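So the structure is just underneath, and the comments pick up after that.
Heavy atoms only: backbone and side chains are in, while hydrogens, waters and symmetry mates are out. A quick note: this is a predicted structure, and the numbers were derived from the prediction, not measured.
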Amino acid sequence: MSAWELTNVTARLLLPPGGLILLGLVGLALVRSHLKAGLGVASFALVALLVLSTPIVSRNLLKTLEDPYSDPARANADAIVVLGGGMYPAAAEYGSASVAALTLERVRYAAHLQRRTGKPILVTGGDPAGYQTSEAAQMKVALKELGATVKWTESASANTYENAKLSRKILKHAGIDSIFLVTHAWHMPRAKMAFQNAGLRVIPAPTAFRQDPRHLGVLDFVPTAEGLRDSWFFFHEVAGIAWYRLKFARER
């Protein structure tokens, strides 16, 4: 098992829903010997799973990670760096792999930002899952379809930390030390931390903000798979930020 696989297996087992499912099973196992304690643990896991699946909870959790929007084009940077967010492998309708939905949101905004600023683009994302093509390569294709051009491609990274470290090497060789950083608004705190630690001056260029609906409705309180996914994003980012703070403190 590779380090990337081990990290992702651990995250899926410990973070919701995996962690709560395991906790619920532990509670059920305790029922025979400790009825009240077992029922209490299982009930807590079920209620937590229910709550974290509701859009109103997951949306507001992610919003705590987002800074208010500020137009990045008002600042100045030398290049645009776009982080990969997943791949759509073996896409039959395209005849090859393509970018996943999260990545598409990022590259679309990068193309928009390039039209506004005229800055060159670096795409970063490897192939840790072994699809025989990199996220960066597919991002380059998608950006071309959106009318944007890619100057640099970083195709060896497996995570945000490596995105920053390997992108810095490419940009340093090109004499660039300031960037517009494009990723999801909820991912920006961790991404910015990684790229600043790598020695780059970062102008955040976040996209896909979580917005409140104009009117709350019943559906905002009904559990959904999307709500649970967004809660997973939140806990994944919180854990990642804590790990990076520890990691970077040890590197100093």
To check you understand the geometry: which heavy-atom pair defines the closest contact between [X] and [Y], and what is its length?
| X | Y | value |
| --- | --- | --- |
| Val222 | Pro55 | O-CD, 3.1 Å |
| Tyr109 | Pro72 | OH-CG, 3.4 Å |
| Trp232 | Pro16 | CD1-O, 2.7 Å |
| Lys151 | Pro120 | CD-CB, 3.9 Å |
| Ser157 | Asn163 | OG-ND2, 2.6 Å |
| Ala136 | Val123 | O-CG2, 3.5 Å |

Could you list who else is in Met87's hydrophobic cluster, with ILVMFWY side chains joined at under 4.5 Å, directly or through other members? Tyr131
Please examine the side chains of [Y] and [X], heavy atoms only from C-beta on, and report whether any two atoms are closer than 4.5 Å.
| X | Y | value |
| --- | --- | --- |
| Leu14 | Thr10 | yes |
| Tyr88 | Val99 | no |
| Leu52 | Val57 | yes |
| Thr124 | Met139 | no |
| Arg250 | Leu246 | yes |
| Val31 | Leu39 | yes |
| Val182 | Val81 | no |
| Pro204 | Asp67 | no |

Please determine whether residues [X] and [Y] belong to a single hydrophobic cluster, defined as Ile, Leu, Val, Met, Phe, Trp and Tyr linked transitively by side-chain heavy-atom distances below 4.5 Å.
| X | Y | value |
| --- | --- | --- |
| Tyr69 | Ile203 | yes |
| Ile56 | Leu62 | yes |
| Leu20 | Val47 | yes |
| Leu102 | Ile80 | no |
| Leu181 | Leu200 | yes |

Kindly compute the distance separating [atom1] ([X]) from [atom2] ([Y]), expressed to the nearest 0.5 Å.
| X | Y | atom1 | atom2 | value |
| --- | --- | --- | --- | --- |
| Lys36 | Leu30 | NZ | CG | 15.0 Å |
| Asn159 | Trp4 | CG | CH2 | 10.5 Å |
| Leu122 | Arg168 | CG | CZ | 12.5 Å |
| Ile179 | Ile121 | CD1 | CD1 | 12.5 Å |
| Thr153 | Ile170 | OG1 | CD1 | 7.5 Å |
| Leu171 | Phe195 | CG | CZ | 8.0 Å |

Apply side-chain contact (heavy atoms from CB on, under 4.5 Å) to Lys119 and Asn76, showing your working. CA-CA 10 Å; Lys119 300 299 181 180; Asn76 188 42; 3.8 Å; yes
Hey, which of Thr207, Leu113, Leu146 is the one that makes side-chain contact (heavy atoms from CB on, under 4.5 Å) with Arg108? Leu146
Is atom [atom1] of [X] surrounded by more than 12 heavy atoms (other residues, nucleotides or ligands) closer than 6.0 Å?
| X | atom1 | result |
| --- | --- | --- |
| Tyr94 | OH | no |
| Glu251 | CD | yes |
| Phe44 | CZ | no |

Is Arg59 salt-bridged to Asp212, cutoff N-O under 4.0 Å? yes
Under-4.0 Å salt bridge between Glu226 and Arg229: yes
Ignoring hydrogens and angles, tell me if any N or O in the side chain of [X] forms a donor-acceptor pair with the backbone of [Y] under 3.5 Å.
| X | Y | answer |
| --- | --- | --- |
| Ser43 | Gly40 | no |
| Glu105 | Ala208 | no |
| Ser167 | Ala164 | no |
| Glu162 | Ala158 | yes |
| Asp220 | Leu216 | no |
| Arg12 | Gly18 | no |
| Glu135 | Asp127 | no |

Using the side-chain contact (heavy atoms from CB on, under 4.5 Å) rule, take Leu22 and Val26 through it: C-alpha gap first, then chi angles, then the decisive distance, then the call. CA-CA 6 Å; Leu22 290 176; Val26 169; 5.6 Å; no
Report yes or no: do Ser58 and Ser231 form a side-chain donor-acceptor pair below 3.5 Å? no
Side-chain donor-acceptor pair present, Gln138, Thr103, cut-off under 3.5 Å: no
Non-neighbouring partners of [X] that pass side chain to side chain donor-acceptor pair (under 3.5 Å), sequence neighbours left out:
| X | answer |
| --- | --- |
| Asn60 | none |
| Ser2 | Glu5 |
| Asp78 | Ser178 |

side-chain contact (heavy atoms from CB on, under 4.5 Å) between Trp152 and Ile176: does it pass, once the steps are laid out? CA-CA 12 Å; Trp152 307 283; Ile176 289 174; 3.3 Å; yes
Evaluate side-chain contact (heavy atoms from CB on, under 4.5 Å) for Glu66 paired with Lys63, printing each intermediate quantity in order. CA-CA 5 Å; Glu66 301 177 348; Lys63 283 176 62 178; 4.1 Å; yes
Sequence neighbours excluded, which residues qualify as salt bridge (Lys or Arg N to Asp or Glu O under 4.0 Å) partners of Arg116? Asp71
Side chains of residues 185-193: which donor-acceptor pairs under 3.5 Å do they make with residues two or more places apart or in other chains?
residue: His187; atom: ND1; partner: Thr183; partner atom: OG1; Å: 2.7
residue: His187; atom: NE2; partner: Thr160; partner atom: OG1; Å: 3.0
residue: Arg190; atom: NE; partner: Glu237; partner atom: OE1; Å: 2.9
residue: Arg190; atom: NH1; partner: Tyr244; partner atom: OH; Å: 3.4
residue: Arg190; atom: NH2; partner: Glu237; partner atom: OE2; Å: 2.8

